[in-house]
Enquirer: 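I'd like to ask some things about the structure below.
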2 protein chains.
Amino acid sequence: MAVTIRDVARQAQVSVSTVSRALSAPGLVKETTRQRVLDVVRGLGYQPNRAARSLITGRTGNLGIVVPDLENPFYPAVLRGVQTRAGEAGTSVFFCDSREDPETEAELVRTMAAQVDGVVLCSPLSSDETITELANLTPLVLINRTVPDVSSVLMDSGSGMDQVITHLESLGHTEYVYLGGPTMSWSHNRRLQGLRNRARVLGPFEPNFAGGRTAAEQALKTNATAFIAYNDLMALGVLSHLAEHDIKVPQQISVTGFDDILYAAMCSPALTTVAMPTEEAGKVAVDLLAERLDDAPAERRELPTNLVIRASTRKHPTST
Amino acid sequence: MAVTIRDVARQAQVSVSTVSRALSAPGLVKETTRQRVLDVVRGLGYQPNRAARSLITGRTGNLGIVVPDLENPFYPAVLRGVQTRAGEAGTSVFFCDSREDPETEAELVRTMAAQVDGVVLCSPLSSDETITELANLTPLVLINRTVPDVSSVLMDSGSGMDQVITHLESLGHTEYVYLGGPTMSWSHNRRLQGLRNRARVLGPFEPNFAGGRTAAEQALKTNATAFIAYNDLMALGVLSHLAEHDIKVPQQISVTGFDDILYAAMCSPALTTVAMPTEEAGKVAVDLLAERLDDAPAERRELPTNLVIRASTRKHPTST
DNA sequence: GTGAAAGCGCTAACAT
DNA sequence: ATGTTAGCGCTTTCAC
């Protein structure tokens, strides 16, 4: 069996409680004895048994994250942020992919609830009621969505949309369409607000490559010279459809996306898109969770987005 | 406080041990009492405390996966497979991204070791010695790498390479270069074997987009008409570099990759590539881990790969 | 500042 | 087939 707190106590010639305190409440033991204990700990390679600890403290020292689709590069980036910040605090992270299914998602959170101190939830689809119910089970932090009395970290895609429009207008475009995502999606609605009726809205489309191809087909029936896609995956679908029909981007049509996923920089033409601070969002989510654990009230934190101009946008062909 | 096994026992008019057995050793209690217990369990919404359980059984019911780079879409796919299969067994999964750093990686595994029953390790870079040491800490299953006495799931990229060459030769190509990945990478070496000296080898290059761009530049100095990239990320870099220099793919140069990441189907031209059964590999890894927990000996399992022909390869321009 | 002792919720002998 | 009971390794009163 592994080395226990008793082994340490014996070898350091103190009681188990002193060892315990030396490790988790340094202020309560004399500095010299603390050092002695720490030396033995190191010498023996002692690692406290987390199960025993959490049995008594009621805390697990773990947290969970559930995302709708690990294949969307947006989410691995969030995972990274979460893991990075959690790791600094010695916290481990469980993950789950709900495969875009709200019921699976709720079930996953319920299962996790028993073995984590809180969960980061990326849930564009579940109902407010479901989320409220889950929030009663375990501390929750939402990403890019708001529900009353639940913490959120939000990426300001309204402002992102505003930047897109400003950019397009500075290029002389006057006719553009927004290729919308899921109607219930918070991000979609935020982008709609940022639009302020300055563009025609098509959709909803599936927020992926296939959805983008469908969207492009519809958008071509309008007289728009710029297509604003709900996200990069869709924008890539748009690019693919246009390439297939020999429509040159950006010479004939300008295209933009949202998210700035890795591929956005790798495709040709490289995509002009709104960069989301995904990794940062993951980190902030962990901070918010930590605050909740100290009984702080629910909080919302908004993170800025910014437009990355690449090769898929250009001056309006017929403008001066 | 949450509902405990005592609450269930009291309400079901049995002892705690009967409740315990009804849940974890159904064969040992009379069917009727078992039903009664189960009813109460459901009625009370009882969930066994995992900390208490693992304190006594020594098992956590968790497992971990550590990958070198969550931004490489290859790995989220493995995660998915792992989670899917683990979930079926009620097992939760911790994840960690080592950011391509072998030391971090080892540290991560050591930390995880204390709170999981085993870990799936995607570690192209660590030394055999390190891995052996880690394997002594906790049951390990390696993905795409072999170390004596450690279980592995392998994707047969040797055969994949063979398929690539056969395909290119059927198109009339005779001169091709392989743009190699990290020298120590098992996959790279397996691909080299599959090559059987039928192509010139360049590299090593970084196995990402930037590496692909560098590789393309070098490859253009040869007289090769087909570039075989170590992985899709590199192939995308190659595509990007060629596009920039107005070299038409596949009209002038054919390009292939490995992995069949999501974006391989989404770029233009869509990439001919060797599909790796990543998600399946994740599942099999969990199976192997489960076997190890039952004290089965280390085992290797090889999964087939297959060539997906898309638009980035074409008949050799000057062949009949 | 330190030690003794009582459990946290559960499983696994050991009885019956 | 079921009940009793002794801990798993740790933290936390409560004494001193």
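By convention in this document, chain letters (A, B, ...) are assigned in the order of the sequence lines, proteins followed by strands, and residues within each chain are numbered from 1. Just so it is clear, the structure is predicted and the values come from calculations on it, not from any experiment.
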Enquirer: Do A:Thr305 and A:Pro277 touch side chain to side chain, with heavy atoms closer than 4.5 Å?
Expert: yes
Enquirer: Decide, yes or no, whether a salt bridge links A:Glu107 with A:Arg99 under the criterion of side-chain N to carboxylate O below 4.0 Å.
Expert: no
Enquirer: Check every atom of C:dC10, D:dG9, C:dT11 against the side chain of B:Tyr46 and return the nucleotide holding the closest atom.
Expert: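 Nearest nucleotide to the side chain: C:dC10.
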Enquirer: Nearest whole Å is fine: how far is D:dT2 C1' from B:Lys30 NZ?
Expert: 10 Å
Enquirer: Please tell me if A:Thr4 has a side-chain N or O lying less than 4.0 Å from either OP1 or OP2 of D:dG9.
Expert: no
Enquirer: Tell me the interatomic distance from B:Arg10, atom CZ, to C:dC10, atom P, rounded to whole angstroms.
Expert: 12 Å
Enquirer: Of the nucleotides C:dT2, D:dC10, D:dT5, which has the atom closest to the B:Val16 side chain?
Expert: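 Per side-chain heavy atoms of B:Val16, the pick is D:dT5.
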Enquirer: Want to settle it: does B:Gln47 or A:Gln13 sit nearer the 5' end of DNA chain C, counting the closest nucleotide to each?
Expert: A:Gln13
Enquirer: Do B:Arg145 and B:Asp128 meet the salt-bridge criterion of a basic N to acidic O distance under 4.0 Å?
Expert: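 Result for this pair is yes, salt bridge flagged.
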Enquirer: Using the closest heavy atom to pick a nucleotide of DNA chain D for each, name whichever of B:Leu28 or B:Ala52 lands nearer the 5' end.
Expert: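 It is B:Leu28, whose closest nucleotide lies nearer the 5' terminus.
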Enquirer: For C:dA4 and A:Ser15 - does any side-chain N or O of the residue sit under 4.0 Å from the phosphate oxygens OP1/OP2?
Expert: no
Enquirer: Return the value, rounded to whole Å, for the distance between atom CG of A:Leu55 and atom C1' of C:dC8.
Expert: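 Rounded to whole Å, this separation is 4 Å.
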Enquirer: Please report, rounded to the nearest Å, how far the P atom of C:dG9 is from the CG atom of B:Leu23.
Expert: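 So the two atoms are 16 Å apart, to the nearest Å.
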Enquirer: Starting the side chain at C-beta, find the nucleotide from C:dT11, D:dT11, C:dG3 nearest to A:Val14.
Expert: C:dG3
Enquirer: Taking the basic N atoms (NZ, or NE/NH1/NH2) and the acidic carboxylate oxygens, is any pair closer than 4.0 Å for B:Asp117 and B:Arg59?
Expert: no
Enquirer: May I ask you to decide whether A:Glu302 forms a salt bridge with A:Arg190, counting only side-chain N to carboxylate O separations under 4.0 Å?
Expert: yes
Enquirer: Could you tell me the separation between the CG atom of A:Asn49 and the P atom of D:dC10, rounded to a whole number of Å?
Expert: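 So the CG-P distance, A:Asn49 to D:dC10, works out to 6 Å.
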Enquirer: Does the side chain of A:Thr104 reach to within under 4.5 Å of the side chain of A:Cys96, using non-hydrogen atoms?
Expert: no
Enquirer: Output the rounded distance in Å from CD1 (B:Ile5) to P (C:dC8).
Expert: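 Spelled out: CD1 on B:Ile5 to P on C:dC8 is 14 Å.
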Enquirer: Counting heavy atoms from C-beta on, name the nucleotide in D:dC10, D:dT2, D:dT12 closest to the side chain of A:Thr57.
Expert: D:dT12
Enquirer: Just the rounded figure in Å: distance from C1' of C:dC10 to CZ of B:Arg59.
Expert: 17 Å
Enquirer: Kindly point out which of C:dC10, C:dT2, D:dT11 is positioned nearest to the side chain of B:Arg6?
Expert: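 Of the options given, the side chain of B:Arg6 lies nearest C:dC10.
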Enquirer: Less than 3.5 Å between a donor and an acceptor, one on the side chain of A:Arg34 and one on the base of C:dG1, is that the case here?
Expert: no
Enquirer: At less than 3.5 Å, do the side-chain atoms of A:Arg50 and the base atoms of D:dG9 form a donor-acceptor pair?
Expert: no
Enquirer: Considering only side-chain heavy atoms of B:Val29, which listed nucleotide, D:dT2, D:dT13, D:dT11, is closest?
Expert: D:dT2
Enquirer: Of the nucleotides D:dG9, D:dC8, D:dT11, which has the atom closest to the A:Ile56 side chain?
Expert: D:dT11
Enquirer: Which is true for B:Thr33 with a 4.0 Å heavy-atom rule: it touches a base, it touches only sugar-phosphate, or it touches nothing?
Expert: sugar-phosphate
Enquirer: Counting any heavy atom closer than 4.0 Å, what does A:Ser17 reach on the DNA or RNA strands: base, sugar-phosphate only, or nothing?
Expert: base
Enquirer: Calculate the interatomic distance between B:Arg21 atom CZ and D:dT5 atom P; express it in whole Å.
Expert: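 Rounding to the nearest Å, CZ of B:Arg21 and P of D:dT5 are 14 Å apart.
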